[in-house]
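As the structure is a computational prediction, the values presented were derived from the model and not from experiment.
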Amino acid sequence: MKLPTFYAANIIIFCPVLPFDFDKISADIQRQLSDQLPTTAGKLAVDFFKKNFHDEGFTDRSFEPWPEVKRRLDPRTKGAARTRKILTGSTGDLGESPAYRLDQPGSVTIYAEAFSPSGFNYAPVHNYGATDTGRLRRTVIPQRKFIGPSFTLEQSITDLLHQVIASLLSPR
C-alpha cells in the first residue's frame, strides 16, 4: 500500500490511508436502520415481553411482580390451577400474544392481542387493569402489566444499535 508522505522541517511522516468508503458505510447504516434493525429490535422486544409471563411481573428499571391470584391462595384449589402461572390460563394465549409488525421502513410496532371466544380482546384489560367488569359489574381486575415502555428494554435496544454501528465502522 502506498502511503502519502508529508514533509515538515526535514522530518518525513508516513500517514496510512484510512480504508473507509463513507458512501458505502452510510448506505449500510441506512439499510440496517430501515430494514434489519427494526426486525431485530422487534424480536428482542417480543422475547422481553413474553419473559414477563414466565417471571410473573414487569421489568422497567427494576422488576415489579404482579399481584398474587386468589386461586393460588385458596386451599380448596386443586391440581394445576393451584400452581399454574399467573395470566397463563388453560390455553396460554395471552402469554403468546406479544408480537411485532413492521409499519414502515425504520419503524416497528409491538402489540398484544388475545381474544375470547366472543371476540373480545382481553389483553389490554390485564395489562392496564379494569374496574366494574363482569356480569354484575362488581369484578375488579388488577393491573398486571406485561407490555409497555421499559427502560431496561430501551437499554437493550440501544446496546444493539451501538453494536450494529460499531460492526459497520470496524475495518473489514
Report yes if the side chains of [X] and [Y] come closer than 4.5 Å at any heavy-atom pair, otherwise no.
X: Ser150; Y: Phe48; answer: yes
X: Ile157; Y: Leu161; answer: no
X: Arg144; Y: Leu94; answer: no
X: Leu33; Y: Val164; answer: no

Can I get a per-line list of side-chain donor-acceptor pairs under 3.5 Å for residues 109-117, giving both atom names and the distance, sequence neighbours left out?
from: Thr109; atom 1: OG1; to: Asp103; atom 2: OD2; distance (Å): 2.1
from: Ser116; atom 1: OG; to: Ser118; atom 2: N; distance (Å): 3.4
from: Ser116; atom 1: OG; to: Ser118; atom 2: OG; distance (Å): 3.0
from: Ser116; atom 1: OG; to: Phe120; atom 2: N; distance (Å): 3.1

Exercise for the section: Kindly determine whether Asp93 and Tyr122 satisfy side-chain contact (heavy atoms from CB on, under 4.5 Å), including the steps that lead there. Expected result: CA-CA 11 Å; Asp93 288 349; Tyr122 57 90; 3.9 Å; yes

For the atom pair [atom1] ([X]) and [atom2] ([Y]), what is the distance rounded to the nearest 0.5 Å?
X: Phe63; Y: Thr152; atom1: CZ; atom2: OG1; result: 11.5 Å
X: Thr158; Y: Phe151; atom1: OG1; atom2: CZ; result: 8.5 Å
X: Asp35; Y: Gln30; atom1: CG; atom2: CD; result: 8.5 Å
X: Trp66; Y: Phe58; atom1: CH2; atom2: CZ; result: 10.5 Å
X: Leu44; Y: Thr39; atom1: CG; atom2: OG1; result: 12.5 Å

Exercise for the section: Spell out, yes or no, whether Leu87 and Phe49 are grouped together once hydrophobic residues are joined by side-chain heavy atoms under 4.5 Å, including indirect joins. Expected result: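 Same cluster: Leu87 reaches Phe49 through Ile, Leu, Val, Met, Phe, Trp or Tyr contacts under 4.5 Å.
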
Taking all non-hydrogen atoms of both residues into account, name the closest pair between [X] and [Y] and its distance.
X: Pro98; Y: Phe53; result: CG-CE1, 4.3 Å
X: Val125; Y: Ile141; result: CG1-CD1, 3.6 Å
X: Leu160; Y: Ala41; result: CD2-N, 4.2 Å

Handout entry: Pairs satisfying salt bridge (charged side-chain N to carboxylate O under 4.0 Å, His left out), at least one member in residues 148-161, at least two apart
Key =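 Passing the test, one end in residues 148-161: no pairs.
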
Practice task
Write out all pairs satisfying side chain to side chain donor-acceptor pair (under 3.5 Å) with one or both partners inside residues 44-57, taking only residues at least two apart or from two chains.
Solution key: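 Qualifying pairs, neighbours excluded: Lys50-Glu96, Lys51-Asp55, Glu56-Arg72.
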
Problem - Under the side chain to side chain donor-acceptor pair (under 3.5 Å) test, residues paired with Lys145 that sit two or more places apart - result: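 Not a single residue meets the side chain to side chain donor-acceptor pair (under 3.5 Å) criterion with Lys145.
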
Problem - For Arg61, side chain to side chain donor-acceptor pair (under 3.5 Å) partners two or more places apart - result: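 Expected list: none.
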
Exercise for the section: Applying side-chain contact (heavy atoms from CB on, under 4.5 Å), name anything that partners Gln36, two or more places apart in sequence or on another chain. Expected result: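 With sequence neighbours excluded, Gln36 shows a side-chain contact (heavy atoms from CB on, under 4.5 Å) to Arg31, Gln32, given in chain and number order.
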
